[in-house]
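What follows is a set of notes on a single structure, which appears directly below.
As the structure is a computational prediction, the values presented were derived from the model and not from experiment. Numbers here are sequence positions counted from 1.
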Amino acid sequence: MYGLWRPRVLGAWRVPAAGPVILAVNHSHGIDGPMLMGTAPRPVHFLIKKEAFVGPLDPFLLGIGQLKVDRTGTDRTAVAGALGVLERGGVLGIFPEGTRGEGDFASLRAGLAYFAVRTGAPIVPVAVLGSGERPGRLIKALPPLRGRVDVVFGDAFEAGDGSGRRTRKALDEATLRVQGRLTAHLENARRLTGRTG
């Protein structure tokens, strides 16, 4: 990442140095996941759509610890793999919106809250900004080479309400709490960097 672009990483010290943690990342561009993997202070295991595991990418992604997920239904193997990462004290990266979109956390899925409430792992919000501002000249699908991309880590927080409840109502409430924290972090990151997206 540092060879192709000029990432500016802010707040990486906010990621706990040890123990399970979930990085909740906005997702507006295909480079957001690799950018975070290349700049995070700890190795990150992402849930990645199974369609990305093709050709030489399949053994490469599996070799660096990424988790294949079938998005057509509840993929129990992927869920177990993600829980395993957290149980071993690792870092799980999640795009809480489920797929690439506006990158504004407007349509959160319950998966993030489920993993956080189930394991008690803190969530660190991450904003990747500048990756989709303008296309590159050589490869339109990527940001301009040597272009600035900002990666802003926020303060860690707990998703649950402290009760330990894992009911549907508790997960729905946790999802709303998480959405509020992630949206606030994104707004703060935009102010801090002077970027809009």
Side-chain angles (χ1 to χ4, degrees), residues 1 7 9 11-12 14-15 20-40 42-54 57 61-62 64-75 77-86 90-119 121-133 141-143 149-154 156-157 159 171 174-187 189-190 195 197:
M1 292 296 114
V9 180
R14 292 184 169 112
V15 177
V21 66
I22 299 170
L23 300 182
V25 192
N26 68 318
H27 195 26
S28 59
H29 195 280
I31 199 72
D32 296 342
M35 183 62 67
L36 180 62
M37 282 188 257
T39 59
R42 293 174 60 189
V44 182
H45 305 271
F46 267 100
L47 286 165
I48 300 174
K49 62 183 180 181
K50 71 175 186 176
E51 293 83 2
F53 290 76
V54 294
L57 271 181
L61 290 171
L62 292 172
I64 62 171
Q66 304 315 302
L67 305 166
K68 188 185 301 189
V69 63
D70 182 349
R71 299 180 304 166
T72 59
T74 301
D75 185 338
T77 302
V79 169
L83 290 171
V85 165
L86 295 170
V91 179
L92 180 65
I94 294 183
F95 297 116
E97 296 163 285
T99 186
R100 198 178 322 156
E102 296 300 313
D104 59 2
F105 298 121
S107 57
L108 245 63
R109 294 186 173 190
L112 172 58
Y114 171 78
F115 289 123
V117 170
R118 167 97 187 253
T119 65
I123 297 172
V124 172
V126 185
V128 179
L129 302 171
S131 57
E133 281 184 347
L142 295 174
V149 177
D150 292 321
V151 181
V152 185
F153 293 87
F157 67 93
L171 287 177
T175 298
L176 288 175
R177 270 193 300 281
V178 168
Q179 185 172 28
R181 293 291 296 264
L182 298 183
T183 300
H185 170 67
L186 184 59
E187 290 169 1
R190 286 175 171 159
R195 290 189 181 271

Any residue meeting side-chain contact (heavy atoms from CB on, under 4.5 Å) with [X], in chain and number order, not counting sequence neighbours:
| X | answer |
| --- | --- |
| Ala156 | Pro122, Val124 |
| Ala80 | none |
| Leu176 | Gln179 |
| Arg177 | Asp161, Glu173, Ala174 |

> By salt bridge (charged side-chain N to carboxylate O under 4.0 Å, His left out), which residues pair with Arg118, not counting sequence neighbours?
Replying inline: none
How far apart are the closest heavy atoms of [X] and [Y], and which atoms are they?
| X | Y | answer |
| --- | --- | --- |
| Asn26 | Ala127 | OD1-CA, 3.3 Å |
| Thr175 | Ala113 | OG1-CB, 3.4 Å |
| Val85 | His45 | CG1-CD2, 3.7 Å |
| Leu86 | Ala121 | CD2-CB, 4.1 Å |
| Pro96 | Leu182 | CG-CD1, 3.8 Å |
| Phe153 | Ala40 | CZ-CA, 4.1 Å |

Got a second to check how far [X]'s [atom1] is from [Y]'s [atom2], nearest 0.5 Å?
| X | Y | atom1 | atom2 | result |
| --- | --- | --- | --- | --- |
| Ile48 | Leu61 | CD1 | CG | 5.0 Å |
| Lys68 | Leu47 | NZ | CG | 13.0 Å |
| Leu186 | Leu129 | CG | CG | 6.0 Å |
| Ile94 | Tyr114 | CD1 | OH | 11.5 Å |
| Arg42 | Met37 | CZ | CE | 16.0 Å |
| Leu92 | Leu67 | CG | CG | 7.0 Å |

> Looking at residues at least two apart in the chain, or sitting in another chain, which of them share a ring pair (Phe, Tyr, Trp, His ring centres under 6.0 Å) with Phe46?
Replying inline: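 In terms of ring pair (Phe, Tyr, Trp, His ring centres under 6.0 Å), with neighbours along the sequence ignored, Phe46 is linked to Phe95.
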>> Quick check: do Val152 and Arg190 have side-chain heavy atoms less than 4.5 Å from each other?
In response: no
>> Any heavy-atom pair between the side chains of Pro7 and Met35 that's under 4.5 Å?
In response: yes
